[in-house]
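Report on one structure; see the data block that follows.
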Amino acid sequence: MNTIKNNLAIFQRGQENKQSIVFIHGFPFDHKMWDSQIEYFSKRFHCVCYDVRGLGESPAGDGQLTLESFVDDLFDLIDALSLNKPILCGLSMGGYIALRAVERDENKFSGLILCDTKAEADTNEGKINRAKAIKDINYNGVEKFAEDFVVKCFAEDFINNHKEKYEAVLNRAKKLESIGVKGCLLAMAGRTDTTGYLSQIKIPVLLLCGEFDQFTPPDVMMAVSDKISHSEFVLLSKAGHVTAVENPKSFNTAVEKYLKNI
Ligand code: MLT
C-alpha cells in the first residue's frame, strides 16, 4: 500500500511499463473487491486499484465528499503515478466515477470498462433512499446498514454457495467508518447525470452486467450500451451486482477479450 495526496490509499501490481488499468470499486466495498482481477491481469498489465475516499484505508477527512472530488482523487492518482492513458474499470459507484472522469477529460484514457453501473443520476426516490440509509446509520450504525445493504448486492446462489467469500466482503463493509459511508451516500445522491455524454464517447467501452443485478439490471445497462458508438455489452451468468467477485472467471474472460482489441 502507498498513499498519495490527502492519504488516498493505492495498490499496484505488475510492471509499470505495461499498459495500466485502474480499477475503481463499488459501494460499500474497497480495493479488495478486485483481488481476482489483479491476480489475473497483473502478469500482462500494470494494475492499479485504490480505496475510494471514505472507504477502506482512504480516510474520509471531514466527510464532505462529492462525485467531483472522487474524480479529482482519480486525476491526482493518474498524475502521481504518471500513468499514460490508463484503461478505467469501474463497478457501480466506481462506474459513476469512471464515466464522469471520461466526461471531464476523455483524452486521459484509452478505454473504459463499466460494470454493473448506470449513467443516470439518482431519481427523487433514490435520493430519499440515500437519506433513509444515512438515518439508519445514525440510529443503528454501519454494521446493521452493511448487513441490510450488502445482501442485496449478491445473487442468492452466490451467498449460499460461497459463504466464506461473501462473509469476507460483508465483514469488511461492517468495519467501514460511518463518516465515510455517509459521505459516499451524499456524493452519490448529488452526482450529475452523464447520459448526455454517452453518444460522444470515442474510446472503446465494454459493459458487463450480472444476470441477477437488482441495482443496475441488464436492460438498464443495455440502454447505456446502445447510446455508445464503440461498445460491447456482455451479460455475466451466475452473478448479481458484484460481478467481479461473483463470477471472476467469466468477468476476466470478457475483459481479456476486450483488452486484446484495444
Ligand atoms: C454500488 O455498488 O457502488 C452502489 O450500489 C451504487 C449505488 O448505491 O448507487
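Ligands are counted one by one from 1 in listed order, and the atoms in each one are counted from 1 as well. When reading the values below, keep in mind they use all heavy atoms of this one structure, side chains included, and skip hydrogens, waters and symmetry mates.
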For H25 and ligand 1, answer yes if some heavy atom of the residue is under 4.0 Å from a ligand atom, otherwise no.
no
Considering only non-hydrogen protein atoms, determine which one is nearest to atom 5 (O) of ligand 1 and report residue, atom name and distance to 0.1 Å.
H241 NE2, 3.4 Å
Candidate pair Q12 and H46, rule side-chain hydrogen bond (donor to acceptor under 3.5 Å, both in side chains), full reasoning:
CA-CA 7 Å; Q12 304 183 64; H46 174 221; 2.8 Å; yes
More than 12 foreign heavy atoms under 6.0 Å from CG of N124: is that the case here?
no
Do L208 and F27 belong together in a cluster built from hydrophobic side chains that touch within less than 4.5 Å?
no
Answer with side chain, backbone, both or neither: which part of R130 has a heavy atom less than 4.0 angstrom from an atom of ligand 1?
side chain
Give the residue and atom name of whichever protein heavy atom lies nearest to atom 4 (C) of ligand 1, and the separation in Å to one decimal.
S92 OG, 3.3 Å
With heavy-atom distances below 4.0 Å as the criterion, list the atoms of ligand 1 near M93.
1 (C), 3 (O)
Polar proximity ligand 1 side, R191 side, N/O cut 3.5 Å exclusive:
no
Above 12 or not: heavy atoms from other molecules or residues under 6.0 Å from NZ of K238?
no
Which is closest to atom 9 (O) of ligand 1 by heavy-atom distance: F215, F149, Y96?
Y96
Is any NZ, NE, NH1 or NH2 atom of the basic residue among D72 and R104 found under 4.0 Å from an Asp or Glu carboxylate oxygen of the other?
yes
Out of all atoms in ligand 1, which are within 4.0 Å of some heavy atom of G26? Include the element for each.
3 (O)
Are H162 and Y166 near enough that their ring centres are under 6.0 Å apart?
no
